[in-house]
Amino acid sequence: MAAPQIIWFRQDLRLRDQAALLAAAAAGPVLPLFVLDESRIVRAAGGASRWWLHHSLAALDASLRALGGGLLLLRGPAAELIPKLVADTGADAVHAIRLSEPWWPLIEREIPRLQLHEGNSLVPAGLLRTKAGDRFRVFTPFWRAMQGWGPPPRPLPAPARLTFAPLPAGDRLVDWSLLPRAPDWSGGFSGWQPGEAGAQRRLADFLDKAGDYGERRNYPGEEATSRLSPHLHFGEISPADAWHAVEPQKGSAPWLRQLAWRDFALETLEQYPKSASRPHRPEFAHMPWTDVSSGEGRALLRAWQRGRTGYPLVDAGMRQLWASGWMHNRVRMVAASFLVKHLMIDWREGERWFWDTLLDADLANNAMGWQWVTGSGVDSAPYYRIFSPEGQAEKFDAQAYIRHWVPEFGRSDYPAPLVEHRLARERALAAHAALKG
DNA sequence: TGACGCTTTAC
DNA sequence: TAAAGCGTC
């Protein structure tokens, strides 16, 4: 029998538009593999993401079983397990889709016969260049260059049949304990369907509405967004696939532009890997952030996390996040701005909370979003941009959204505001001004 | 309310 | 190659 071709699934848990899978299948019998790597160099998935991962892996395994095979599950350092698997099986190659998180190259250099394929972005990161030949650091010129480059490749069909190599013994998914037990807080996740079929269903639901996205996307009470973010993070649908489905819709340009932000976040992360863990602009290292290790600062952070700041739009968003694993993007900006500007808490505290609670938690997007709000990023909002939570609620008709997530708003048991908006605003502006002085 | 990346223009 | 202007965040 021909030597096995390992297809190493990572954040590309799909059969459609899966270049690594197709390359493997063209070369020989495939050995589908997923490794749960929680070693020190990797940023392990947060709580909500682990729930998603469990169901997504179950769905992928079921799809592979339907084709007569299955998914090999291994837990441990990929840099050790995969070389051993290659040796044990005599595999001819390890196929994977290239990713942008900074730990992957460290792992990949240990893996023999690795073949990387594109497919996690619309345009391969690093390909587009300025006229001077540099990589882009600002979104708008990057977006213009993307448009000049043309559409991404047409999605490749899922293989109709596959020849599988014998599957070595591996782990059972249930033994990974990715799902919450006592207490099971995943009840609010029931609106989601992890896996490739769920991703395609979301996409189909969105197509009718894609033309209204530009006008309605900022209204948190409306179902105007695609909600594809967790599916895109886990690669259950490729960005190119989503692009080609949405692009023919009239008025789809604003959504395509937002999809391009995902590419831009990957481009930024590859250029500045440390921007995921520290402010890009060095002066922000000297910001007098609130001490959250104990006392009042800790209580402020906790109030923000649990949606008890006394600002109803912030609280509605934080409760939506806690309950459902997702928050409307407009509200993400307001809630994040509140943490950083009003409470003057280091954005990394917020980033860590989002990482743990978001089903779509993604290193590149999360870090870029937080740095953008803070004003500390490569390409970010001006420091004096301080959202007024009440002004934003008014502007984007958030009353129904607030009533839904904060039913006690207006009653006596709703908390008083943690800080007064005008005072907080003045304090944040003064702190930023002092940074420059 | 400023800062700055990128392109264009001028040399 | 440097400076200026544009446009975005």
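These numbers come from the heavy atoms of this one structure, side chains and all, not from hydrogens, waters or symmetry mates. All chains are named by letter (A, B, ...) in the order of the sequence lines, taking the proteins before the strands, and each is independently numbered beginning at 1.
For the salt bridge (Lys or Arg N to Asp or Glu O under 4.0 Å) condition, no pair includes a residue of residues 370-381 of chain A, sequence neighbours left out.
A ring pair (Phe, Tyr, Trp, His ring centres under 6.0 Å) with A/W370 holds for exactly one of A/W347, A/F284, A/F354; it is A/F354.
Residue A/F139 contributes atom CZ, which lies 23 Å from atom P of C/dC6 at whole-angstrom precision.
Taking the six-membered ring wherever Trp is involved, the centroid distance between the rings of A/H342 and A/W304 does not fall below 6.0 Å. Aromatic rings from A/F264 and A/F139 are positioned such that their centres are separated by under 6.0 Å.
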Under a 4.0 Å heavy-atom criterion, the protein footprint on nucleotides 3-11 of chain B, written with B, S and -, is -SSSSS---
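Between A/W192 and A/R202, some side-chain heavy-atom pair lies under the 4.5 Å cut-off.
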